[in-house]
**Q** 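Please find one structure pasted underneath; my questions will follow.
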Amino acid sequence: MNLIQIRRKFASLSGRYDLLNEDPSETIDFFINSGSEFLDRMSEVQKTFATHYRYLVQGAWNIQFPYCRAVKEVWVASTTARWQLEKIKLQDMIAGYMSELVANITQGDTMYYAPTLTRTSGIPPVGIGGYLDMIVSQGNLYNAIIVSPPPDKQLVVEIKGLFQSDVLTADIDENFWSAAHPSLLLKAALHEMEVFNQNTEKTLAWEKTINLELDGINKDLVEEIIAEISEMEG
């Protein structure tokens, strides 16, 4: 189902047809997208994982990307090879590889990455802006990683991890939940409405129903992971 179909069904199930007569993006869309976020947080299914692509130009040292819940792997590719970056702790990255000014870092084959901070509190002191761990975020929806050494040629970066479902804004928009499990998305949207109505009894009832359905969906990923595995390692 697309967004306009989900809106209409939400109004029908909740009895809140008045919300359709208003601007639905103000309230109904809010509940629907909040419900989608709720399902993302409560589940781990095949579509929870995604790959995000970015170009890393020569000499660059950080990559920012939106709607990522957790980075799992980072791969890079040139025109001749593809390899996985090794994850290291942020403090080890800064202390071991990025304690110099950006102009002094030697470029080469990028080998390491670390999830990094994109938020500052207060105004940074003048004179430290040339250090590599300083990132001005593209926005609150963005996470970032820093890489080392900076590449000596342009690379394609593949960020594999847990990503939020697409936000539904246009009438014809779909995401995983609306397309594959529209009934569950509607239940989650109705749950979000009851949260804001402060109806504890109905909120808990919806959570019980949603968790029961998600339990079955989550098992599909488990079955996929264990398929064709006949013995334990070790």
Side-chain angles (χ1 to χ4, degrees), residues 1-52 65-73 115 117-119 139-143 159-227 229:
M1 297 174 70
N2 60 29
L3 178 56
I4 194 170
Q5 292 171 320
I6 294 288
R7 281 179 191 150
R8 291 169 177 168
K9 185 60 70 174
F10 177 91
S12 173
L13 293 170
S14 65
R16 294 297 306 272
Y17 290 100
D18 58 303
L19 297 177
L20 286 178
N21 298 327
E22 302 172 5
D23 182 357
S25 65
E26 290 292 327
T27 304
I28 296 183
D29 291 6
F30 173 76
F31 289 143
I32 292 171
N33 283 303
S34 294
S36 181
E37 291 178 17
F38 176 72
L39 294 175
D40 285 341
R41 293 192 300 270
M42 297 291 290
S43 64
E44 188 169 304
V45 299
Q46 289 91 336
K47 298 297 184 179
T48 302
F49 300 87
T51 302
H52 186 83
F65 40 93
Y67 300 112
C68 183
R69 295 168 51 203
V71 176
K72 291 292 190 179
E73 297 177 6
L117 307 177
T118 60
R119 180 179 171 222
N140 291 323
L141 298 178
Y142 282 77
N143 291 347
I159 300 156
K160 301 180 183 295
L162 310 183
F163 284 81
Q164 295 179 22
S165 298
D166 294 337
V167 176
L168 304 174
T169 55
D171 288 351
I172 61 173
D173 282 354
E174 293 183 347
N175 66 13
F176 168 68
W177 298 111
S178 70
H181 303 284
S183 173
L184 187 55
L185 177 56
L186 283 161
K187 291 168 186 170
L190 292 166
H191 165 271
E192 293 299 296
M193 182 180 70
E194 296 302 341
V195 169
F196 281 93
N197 287 338
Q198 298 184 320
N199 191 325
T200 303
E201 182 179 355
K202 287 188 177 180
T203 298
L204 293 176
W206 279 124
E207 288 178 2
K208 182 177 180 180
T209 299
I210 290 168
N211 284 326
L212 183 62
E213 291 193 35
L214 281 176
D215 184 55
I217 297 171
N218 291 338
K219 288 178 181 177
D220 292 341
L221 178 60
V222 175
E223 289 298 322
E224 183 174 286
I225 291 172
I226 67 175
I229 296 177

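Sequential numbering from 1 along the given sequence is applied to the chain's residues.
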**Q** Nearest 0.5 Å, what's the CG-CZ distance between Leu214 and Phe38?
**A** 7.5 Å
**Q** Using modelled atom types and a 3.5 Å cut-off, is there a donor and acceptor pairing between side-chain atoms of Asn175 and backbone atoms of Ser165?
**A** no
**Q** What is the distance from atom CZ of Phe10 to atom CG of Leu3, rounded to the nearest 0.5 Å?
**A**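 It comes to 12.0 Å.
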**Q** Taking atom NZ as the centre, does Lys47 end up with more than 12 heavy-atom neighbours from other residues, nucleotides or ligands that are less than 6.0 angstrom away?
**A** no
**Q** Is there a donor-acceptor contact under 3.5 Å from the side chain of Thr203 to the main chain of Asn199?
**A**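 Between the backbone of Asn199 and the side chain of Thr203 there is a qualifying donor-acceptor contact (under 3.5 Å).
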**Q** What closest approach, in Å, do Pro182 and Ala179 show between heavy atoms, and which atom pair accounts for it?
**A** CD-O, 4.0 Å
**Q** Work out which heavy atom in Ser178 is nearest to a heavy atom in Ile6; give both atom names and the distance.
**A**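 It is CB-CG1, 4.3 Å.
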**Q** At their closest point, which heavy atom of Thr169 faces which heavy atom of Asp29, and how far apart are they?
**A**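 Result for this residue pair: O-OD2, 4.2 Å.
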**Q** Check this for me: Tyr67, atom OH, are more than 12 non-hydrogen atoms of other residues, nucleotides or ligands nearer than 6.0 Å?
**A** no
**Q** So does Asn211 get a backbone contact from the side chain of Asp215, meaning a donor-acceptor N/O pair under 3.5 Å?
**A** no
**Q** Would you please test Ser14 and Met193 for side-chain contact (heavy atoms from CB on, under 4.5 Å) and show each step?
**A** CA-CA 9 Å; Ser14 65; Met193 182 180 70; 3.9 Å; yes
**Q** Between Asp171 and Arg7, is the side-chain contact (heavy atoms from CB on, under 4.5 Å) condition met? List the steps.
**A** CA-CA 9 Å; Asp171 288 351; Arg7 281 179 191 150; 2.6 Å; yes
**Q** Go through the steps for Asn2 and Gln5 under the test side-chain contact (heavy atoms from CB on, under 4.5 Å), then give the verdict.
**A** CA-CA 5 Å; Asn2 60 29; Gln5 292 171 320; 3.2 Å; yes
**Q** Would you confirm whether Ser43, through its side chain, and Leu39, through its main-chain N or O, come within 3.5 Å as a donor-acceptor pair?
**A**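 Yes; at least one donor-acceptor contact below 3.5 Å.
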**Q** For a 4.5 angstrom cut-off between non-hydrogen side-chain atoms, does Tyr142 reach Cys68?
**A** no
**Q** Which atom names give the shortest non-hydrogen contact between Leu168 and Glu174, and what distance separates them?
**A** CD2-C, 3.5 Å
**Q** Looking at CD of Glu26 and CZ of Phe31, how far apart are the two atoms once the value is rounded to the nearest 0.5 Å?
**A** 11.5 Å
**Q** In terms of the angle between their ring planes, are Phe176 and His181 parallel, tilted or perpendicular, with boundaries placed at 30° and 60°?
**A** perpendicular
**Q** Do Lys187 and Trp206 come close enough that some side-chain heavy atom pair is under 4.5 Å?
**A** yes
**Q** Can you give me the closest heavy-atom contact between Leu13 and Leu186, atom names plus distance?
**A** CD1-CD1, 4.2 Å
**Q** Mind listing the closest non-hydrogen atom pair of Asp40 and Arg69 along with its distance?
**A**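 Looking at all heavy atoms of both residues, the closest pair is O-NH1, 3.0 Å.
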**Q** Mark yes or no for whether Ser36, through its side chain, and Ile32, through its backbone, hold a donor-acceptor pair below 3.5 Å.
**A** no
**Q** Please lay out, stage by stage, how Ile4 and Ile172 fare under the test side-chain contact (heavy atoms from CB on, under 4.5 Å).
**A** CA-CA 7 Å; Ile4 194 170; Ile172 61 173; over 6 Å; no
**Q** Say you draw a straight line from NZ of Lys72 to CD1 of Ile159; how long is it, rounded to the nearest 0.5 Å?
**A**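 Here the rounded value is 15.0 Å.
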**Q** If I take atom CZ from residue Arg8 and atom CD1 from residue Ile28, how far apart are they, to the nearest 0.5 angstrom?
**A** 11.0 Å
